[in-house]
Structure formats: structure tokens, C-alpha cells
Q: 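Structure provided below as C-alpha cells; questions to follow.
A, B, ... follow the sequence lines: proteins, then strands. Residue 1 opens every chain.
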Protein chains: 2
Amino acid sequence: MRVSRDVMAKRHDQILSQTSKMLRRRGILGTNLADLMSAAGLTHGGFYKHFDSKDVLVAEATARIFDEINQRFEARIEADGVESALRAYVTDYLSTAHIENPELGCPLSSFGPDVSRVEGPVRSVFTDGISRTLDLVMLGFSGPPALRRERAIDLLSALVGAVSMARAVQDEAIHNDILDTARRRANRTIEDAAIDAANVASNHHMHIG
Amino acid sequence: MRVSRDVMAKRHDQILSQTSKMLRRRGILGTNLADLMSAAGLTHGGFYKHFDSKDVLVAEATARIFDEINQRFEARIEADGVESALRAYVTDYLSTAHIENPELGCPLSSFGPDVSRVEGPVRSVFTDGISRTLDLVMLGFSGPPALRRERAIDLLSALVGAVSMARAVQDEAIHNDILDTARRRANRTIEDAAIDAANVASNHHMHIG
DNA sequence: ATTATCTATAGATCTATAGATAATGC
DNA sequence: ATTATCTATAGATCTATAGATAATGC
């Protein structure tokens, strides 16, 4: 029942893809190899020809999650510019679709606490992913790097916290309250930063002129 | 080997206490009955004389966690007033002690995502706990209720997100960057709200006088 | 007589491995 | 000849239960 290298590569990819979804839907401990291989259309016995252990799989899948999210961000920057990309990132982050489909969303709000309980490759891959996401969010702001970084951390913290809370609460009124408030806050943060940038530019122009 | 009702009540309490810590340290799936009963100084066989199931235990322990946190907040309000209590809450939340000892801290940042994956009593108890925490944080702000609620949600989201991220990252520089930024932001939020309140009070006074 | 705890274990589930099978790739 | 997958299973672990034991409480 051996398959060609091509088919095997596709299956390897499929296992990683299913893992990247299951991790965000069920968490690290809730992700089990039997369900995973079944979702990939295989039996669990074949797993170890693809990965050395569950831990290695989780680390690789986590790297893929951050790669995909960051690449999506970069593509939007290319297409519409940094400000527009940041707005789209925030709108998507606080959307109902993101709340209801964690398997396609940000790993910070879906299994960040799981990662804080492990050591090794998973943890360092996650650290690197957060670092690169912060670098991208920074690009959406203008001004000196320290200020841009501060704004990026504040914005991302607010997004992660709001989605974590909104997903945990059952009460629809509180749920909507959290998301609506987070949307207003995020928009205000972005608008204020844009106004600051415009004022700095205009003052700078006066000094020159 | 039967024990007195008094001793049994103390052991029941001890099981709940250990669970409240283990939930925050290891998450729901990471909390197992054998380790739990062992931590409570008992063998695992006796568990079901105390609780009907793991699920019931988790729900009761979660209720206890929120009760303790909210009672601590209320006690500080009694002792030092609402503004001071809110400042202390924020300082504690973003402290190194809280980052390193999740088992004594806020359940939102330690196992909020775990809760979003379950239904039933655990979820509703968690929802109620968040609701009551928001009510307490609101007290720390002045102004119309809608504004106070908005500020409470914004502040709590920022705290939850910052601690989730800080715990997940391994890199010390990023870790400190996140916490320092969150501390500045939280203090600014509280200061700005206080200034707003003072201005409103002073304007109000002028109109009267 | 009742019952809280203990030891032991059932039954399910999880990661990982062993051996057979059949297709690939040299 | 090599090897990716399959079936089967080892060994560990988890929730939950059964039966024995000994102390409580009526």
C-alpha cells in the first residue's frame, strides 16, 4: 500500500493542515492523533512515517498557522497599503466569523494558554510567530518605532483579550457588548494614531515652510 | 476508614481548593482526578463520594475561583475605596507574581479558551463570573453607566490579552515589552478616566455656581 | 446500620510500535 | 529492495465503579 512521493507529500501537507485547524478548535491536549489522521483520510498507524512525535507535529503546525496569518497580512499590505491592511486585520479579528470559527483564526486567542504550559519547540515557534505578527501590526502605525510598537502591543492585547472573553461567555448580551466595545476601541485607537500622524506631518511642514 | 462529617467537609473543601489551583495551572483537560486527590492527600477512589463527576467538580471549582477573586476585590473596595481597589487590581494583574503563578490568578487568562470549548454548567458559571467581575471593575470608573461599562470591558480585555501573550512568549525582551506597555496603557486609561471625571465635576460645579 | 475511604479494576482512550501488505523506485 | 500504509496491539493514563474495611452516628 505504499504511495508515490507526490501523494505522500500531499498527505503530509494534509495532516499539517488538519492539525492547524484542530489545534485552534480543540487546543493542544484536545488534539489526538486518531481523529487527526482520520480527518486527513488516513489511519493512525501511518502517522510516524510523517512525524517523529505529536510534539513535533504541533510545533510544525503552529509554525504553519503563523506563516499563513502573517502571509495574509503581508498580501493585504501589498494590495491595499499598511493602514488598510491593519483595518482589515482588526475587522476580521473582531468579526462573528472569527469568533465562531477559531480553527481558521488567531492562535493567540484559541490556544495561547495551552502554549504557556509547554516548553520546547512549540513554545519557541509560538514566540517567533507573535514577534512577527507584532512587527506587521506595527507597520500599520506611523511615528517613531517605540510608539508604533507600543500601539501594536496595545491593539493586539485588546483583540486577544476581547475574543478570549467573547468566546467564553454564553450570554448573548454580554458577548455582543464585549465585541462592540472592542470594535469601537480598536477603531478609535487607529483613528487617533492617524490624527497624531497627520498633526505631526502638518507641524513638520510648518517648521520647514 | 470512615471519617467524621467535619473532617469530610474539610476534605471536600480541600479538593475544591486544589482543583481551583490545578485548573488555572494545567487547564481543564490537564486536570486529572488522580493527581487532584493526591494533592488533597487522598486516593482517587474516594472522589465520587464528594462529587458526581469531574464536570460537576470543575463547575464548582470555577465558581469558587470567581467568588474568591470578586470577594478580594470587594474587600479592597471596602478598605480603600473604588479607585484604589481598581488600581490594585490592575497592578496585581500585570505583576510578575501573577504571570508566574496562574494557579492563584485570573481564570480568564489561564483557562478562558478551555471554557469556550465546553458547554453546560462550567460555561454558565464562567459567564456569570465574568459578568460580576465586569460589574466590579465598572465601579472603579465614574460617569454614566454605559461609559463605565465600556471602560471596564476595554480595561479587562487589555489585561487578559496582555497576560495571555506574556505567558506564551519565551523571549524575555518581548515578554517585558508586553507587560510594560500594558502597565502604561492601563495606568493611562485610569488616569484619563479620572481627569474626565474631574472635568465633568468642575463643569458641573460652574453651571451650578 | 451507615458510610467515607481504600485497593483494585473495568472500560475507554491516547501515544507509540510491530508486523504484514502492496505499491514505488532504483 | 525499499517503504507508506494498514491492522493490531502494547503500555500508559483517564474517568468511573465495585467490594472490602473500619470508623461514625443513630
Q: From the 5' end of DNA chain C to its 3' end, which nucleotides mark the outer limits of contact with chain B, defined by a 4.0 Å heavy-atom distance cut-off (strictly under)?
A: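 So the outermost contacting nucleotides come out as C/dT2 to C/dT9.
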Q: List for me each residue that meets side chain to side chain donor-acceptor pair (under 3.5 Å) alongside B/Arg185, sequence neighbours excluded, and say none if there are none.
A: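 With neighbours one apart ignored, the set is empty.
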Q: More 5' along DNA chain C: A/Leu33 or B/Met8, using each one's nearest nucleotide?
A: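 In this pair, the answer is B/Met8.
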Q: Using Watson-Crick pairs (N1 to N3, plus N6-O4 or O6-N4) and G-U wobble pairs, both distances under 3.5 Å, which stems of at least 3 pairs involve DNA chain D?
A: C:1-24 with D:1-24
Q: If a pair satisfies salt bridge (charged side-chain N to carboxylate O under 4.0 Å, His left out) and one of its residues is in residues 14-24 of chain A, list it, with sequence neighbours excluded.
A: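 For residues 14-24 of chain A: none.
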Q: Ring-plane angle category for A/Tyr93 and A/His98, please: parallel below 30°, perpendicular beyond 60°, tilted otherwise.
A: perpendicular
Q: For DNA chain D, whose closest nucleotide is more 5', that of B/Asp6 or that of B/Asp55?
A: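 Result of the comparison: B/Asp55.
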Q: Atom CE in B/Met138, atom CZ in B/Arg149: separation rounded to 0.5 Å?
A: 6.5 Å
Q: At under 4.0 Å between heavy atoms, what does A/Ser4 touch on the DNA or RNA strands: base, sugar-phosphate, or nothing?
A: sugar-phosphate
Q: When the nearest nucleotide of DNA chain D is assigned to B/Val3 and to B/Gly46 on a heavy-atom basis, which residue is associated with the more 5' position?
A: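 Going by which nucleotide is closer to the 5' end, it is B/Gly46.
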Q: Indicate, with a heavy-atom threshold strictly under 4.0 Å, whether B/Lys49 touches base, sugar-phosphate, or nothing.
A: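 Base: the residue B/Lys49, judged by heavy atoms under 4.0 Å, touches a nucleobase.
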Q: Could you list the donor-acceptor pairs under 3.5 angstrom formed between side-chain atoms of residues 28-41 of chain A and any protein atom two or more places apart in sequence or on another chain?
A:
from    : atom 1 : to      : atom 2 : distance (Å)
A/Thr31 : OG1    : A/Met22 : O      : 3.4
A/Thr31 : OG1    : A/Gly27 : O      : 2.7
A/Asn32 : OD1    : A/Arg26 : NH1    : 3.4
A/Asp35 : OD2    : A/Arg26 : NH1    : 2.8
A/Asp35 : OD2    : A/Arg26 : NH2    : 3.4

Q: Ignoring hydrogens and angles, state whether a donor on the side chain of A/Thr181 or B/Asp154 is under 3.5 Å from an acceptor on the partner side chain.
A: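 Judged by distance alone, the side chains do not pair up.
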Q: Please report the closest heavy-atom contact between A/Ser110 and B/Pro113, naming both atoms and the distance.
A: O-CB, 3.5 Å
Q: Classify B/His50 by what it touches in the nucleic acid, base, sugar-phosphate, or nothing, heavy-atom distance under 4.0 Å.
A: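 Result for B/His50 = sugar-phosphate.
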Q: Under the ring-ring contact (aromatic ring centres under 6.0 Å, His included) rule, collect the residues that match up with A/Phe66, sequence neighbours excluded.
A: A/Phe126
